[in-house]
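First the proteins, then the strands, lettered A, B, ... as listed; each starts at 1. Predicted model, so just to flag it, every value in this text is computed and none were measured.
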Amino acid sequence: MTERIDHDWLQHTAAYALGALADEERASFEAHLATCDTCAAEVRELREVAGLLATAAPQIAPPPALRDRILSEARSVRPISSATPSQNGHTTSAGSPPSVPADRRGPPARRSSVVVLPWIAAIAASVAAIFFGQQYRSERTARSAAERALDGARLTMDSTAAALGRRDSLIASLVAPDVQAVSVTGTGPSPSARYFLDRRANRIVIAASSLPPAASGRTYQVWGIETGRPPVSLGTFNTDSSGRALASLTVPAGLRIAVTAVTEEPAGGSAQPTTTPFLAATWKSE
Amino acid sequence: MPTHPAGVDSPDSDLVARAASGDERALGELYDRYGGMAFSLACAIVGEHADAEEVVADAFAQIWRSAAGFDPARGSVAAWVATIARTRALDLVRSRRRRARVLEAAAVVTDEGEALVLAPSLQPADRNAELTETSAIVRRSLADLPAPQRQVIELAYFGGLSQSEIAAQLSEPLGTVKTRMRAGMEKLRQALRPVLEVGA
């Protein structure tokens with residue numbers, strides 16, 4: 001190919017390397033890629049650039065136990081090319097944890113949306129955008145589910161599903177049919193939480209993780225905010241040394257929570273938030 | 001770190017070949033080289049450390065199973081590992097509908113000209129960030145990009161959004177997003193050329 005200057009396909013190489021082409025574009029570009037050395041060379045280099053972006057994430061050391069876990073899981077599954085008859089006894093061990101049916105890890109009924117923003121005022125403005133965005137998401141989710149089904153024969157065990165299922169089982173017992181649930185995460189490798197709000201029982205459960213314990217003399221305080229009104233304290237909690245907490249708090253009767261958020265406050269809590277809220281979630285009104 | 005009799009300086013591609021033949025120690029060495037990168041990337045995408053662990057365990061299980069399919073002609077081992085970890089992390093994010101995170105990323109980038117993963121809030125001081133030289137160069141190169149270019153690249157890479165989703169998110173014309181992404185990646189390629197050549 002010598003059409004270098006007018007080679008329209010080159011417009012797609014960067015987006016392709018970033019995985020950002022729409023599905024139809026990607027399919028036609030991949031068909032072209034198979035036959036074009038110019039684009040293939042370009043993609044190869046841009047993929048390396050994209051790969052380097054991974055190193056821009058804040059560097060965090062994985063827990064030491066993860067290495068052992070990966071190796072012990074590897075021991076129970078042979079690589080695809082190396083499954084020889086003499087090693088067949090190795091493949092799926094009877095002792096592996098039971099896999100969790102996909103529907104067991106689905107979201108509780110009426111899961112609503114998910115937000116974290118620097119300050120609550122910004123949340124209202126983005127709610128419409130979130131619901132809009134979820135339409136894209138559900139399409140993509142359905143598509144990736146289909147793709148994964150095709151790939152399913154190669155998957156020996158879905159350890160993510162199993163682990164999520166285990167972790168969710170505690171929470172699931174708290175969840176009644178009318179409970180709304182929201183997951184929130186901060187930016188980067190920062191705290192995340194799930195809230196479970198049972199409006200009928202006036203109860204909210206927060207399960208926080210990756211949240212360092214508040215310093216001595218300080219605590220975390222959960223706020224419920226009714227549209228147009230000042231925040232109301234729902235209670236305080238603190239995380240353990242592993243950064244986790246599970247707190248069940250009472251919602252004052254009559255409070256119609258539109259937003260929940262957490263602040264760090266002096267021990268005992270404050271009458272009104274004195275620091276920047278985080279782990280903010282919006283709630284659908286009943 | 002565990003013992004490594006012969007393989008300390010094995011080229012990455014040799015490790016992958018050994019893993020493909022069922023050598024668990026080779027998988028361990030690959031993990032020693034790229035586990036930290038994969039975990040950091042997964043943390044940046046999924047947020048929760050516990051989830052990031054699942055992502056990395058899954059990613060290395062996939063690396064183990066599919067090592068025979070690795071083709072050195074298509075790119076480096078580092079990029080391959082990063083791609084697998086990123087894909088797994090984005091799958092998890094999607095499956096748990098954490099999409100609003102991405103909205104937040106857009107808000108943060110827009111309002112403060114600061115990047116999602118480069119400005120994590122509430123990061124504990126004791127999380128000692130040992131930045132490699134590469135990481136520092138990559139960060140600097142990203143920071144040197146015009147904010148709109150960096151934004152679309154980060155939304156694509158860390159947020160897993162397609163160009164049209166980014167356009168909808170930012171209320172920008174699709175053509176503008178495409179132009180920014182291409183220009184930004186081209187600048188990154190120039191800026192990162194020294195790193196790319198060393199790694200090649």
Side-chain angles (χ1 to χ4, degrees), chain A residues 11 14-15 18 20 22 44 46-62 66-67 69-71 73-75 77-82 113-117 122 126 129-130 133-134 136-137 140-141 144 159-160 163 183 185-192 209-210 212 278, chain B residues 20-22 24 27-28 31 35-37 39-41 43-44 47-50 53-54 57-58 60-61 64-65 67-68 75-76 78-79 82 94 98-101 103-104 107 116-117 120-124 129-131 134-135 138-139 142 156-157 162-165 181-182 185 188-189 192 196:
Chain A
Q11 294 181 7
L18 284 168
R44 192 199 136 108
L46 287 168
R47 267 200 179 136
E48 296 298 314
V49 174
L52 284 172
L53 292 175
T55 69
Q59 299 299 294
I60 302 167
L66 183 56
R67 186 184 199 279
R69 176 182 155 190
I70 285 168
L71 290 182
E73 284 177 8
R75 253 166 242 133
V77 182
R78 307 306 302 171
I80 285 170
S81 69
S82 69
S113 56
V114 176
V115 200
V116 178
L117 286 172
S126 61
I130 292 161
Q134 276 183 343
Y136 283 100
R137 174 53 59 232
R140 284 180 74 129
T141 304
S144 77
S159 61
T160 301
S183 295
T185 80
T187 51
S190 56
S192 59
S209 58
S210 300
F278 59 102
Chain B
S21 71
E24 290 156 18
L27 182 70
Y31 178 81
M37 177 269 284
F39 185 72
S40 303
L41 175 60
C43 285
E48 247 182 90
H49 284 203
E53 280 183 51
E54 301 304 322
D58 256 16
F60 276 85
W64 176 243
R65 287 196 307 269
S76 66
R94 284 168 186 150
R98 291 237 192 106
R99 178 187 183 78
R101 228 177 116 57
L103 290 168
E104 180 200 4
L116 162 68
V117 296
S121 61
L122 292 154
Q123 189 164 3
E130 269 191 30
L131 291 183
T134 300
S135 170
V138 175
R139 286 183 183 203
L142 264 176
Y157 190 76
S162 71
Q163 289 179 316
S164 43
E165 287 172 319
M181 190 173 285
R182 204 147 45 95
M185 284 295 280
L188 277 183
R189 167 155 65 173
L192 297 175
L196 290 168

Under 3.5 Å: donor-acceptor pair, side chain of Arg189(B), backbone of Leu46(A):
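No, Arg189(B) side chain to Leu46(A) backbone: no donor-acceptor pair under 3.5 Å.
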Heavy-atom pair with the smallest gap, counting every atom of [X] and [Y]:
X         : Y         : result
Glu48(A)  : Ser76(B)  : OE1-OG, 2.6 Å
Ala14(A)  : Arg182(B) : CB-CA, 4.1 Å
Arg139(B) : Gln59(A)  : NH2-N, 4.0 Å
Ala56(A)  : Val138(B) : CB-CG1, 3.9 Å
Gln163(B) : Ala15(A)  : NE2-CB, 3.2 Å
Ala82(B)  : Ala54(A)  : CB-CB, 4.0 Å

Would you check if there is a donor-acceptor pair between the side chains of Glu48(B) and Ser210(A) at a distance under 3.5 Å?
no
Using 0.5 Å steps for rounding, measure from the [atom1] atom of [X] to the [atom2] atom of [Y].
X        : Y         : atom1 : atom2 : result
Glu24(B) : Leu71(A)  : CD    : CG    : 7.0 Å
Leu18(A) : Met181(B) : CG    : CE    : 5.5 Å
Phe39(B) : Arg67(A)  : CZ    : CZ    : 15.5 Å
Arg69(A) : Phe60(B)  : CZ    : CZ    : 12.5 Å

Given side chain to side chain contact (heavy atoms under 4.5 Å, CB included), test His49(B) with Ile60(A) step by step and report yes or no.
CA-CA 10 Å; His49(B) 284 203; Ile60(A) 302 167; 3.9 Å; yes
Leading residue by heavy atom contact count with chain B [cutoff under 4.5 Å; candidates Ala61(A), Ala20(A), Gly51(A)]:
Ala20(A)
Quick one, Tyr31(B) with Leu66(A), criterion side chain to side chain contact (heavy atoms under 4.5 Å, CB included). Give me CA distance, side-chain angles, the key distance, then yes/no.
CA-CA 10 Å; Tyr31(B) 178 81; Leu66(A) 183 56; 3.6 Å; yes
Given Leu53(A), which of Leu41(B), Leu188(B), Leu192(B) fulfils the side-chain contact (heavy atoms from CB on, under 4.5 Å) condition?
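For Leu53(A), the side-chain contact (heavy atoms from CB on, under 4.5 Å) test succeeds with only one of Leu41(B), Leu188(B), Leu192(B), which is Leu188(B).
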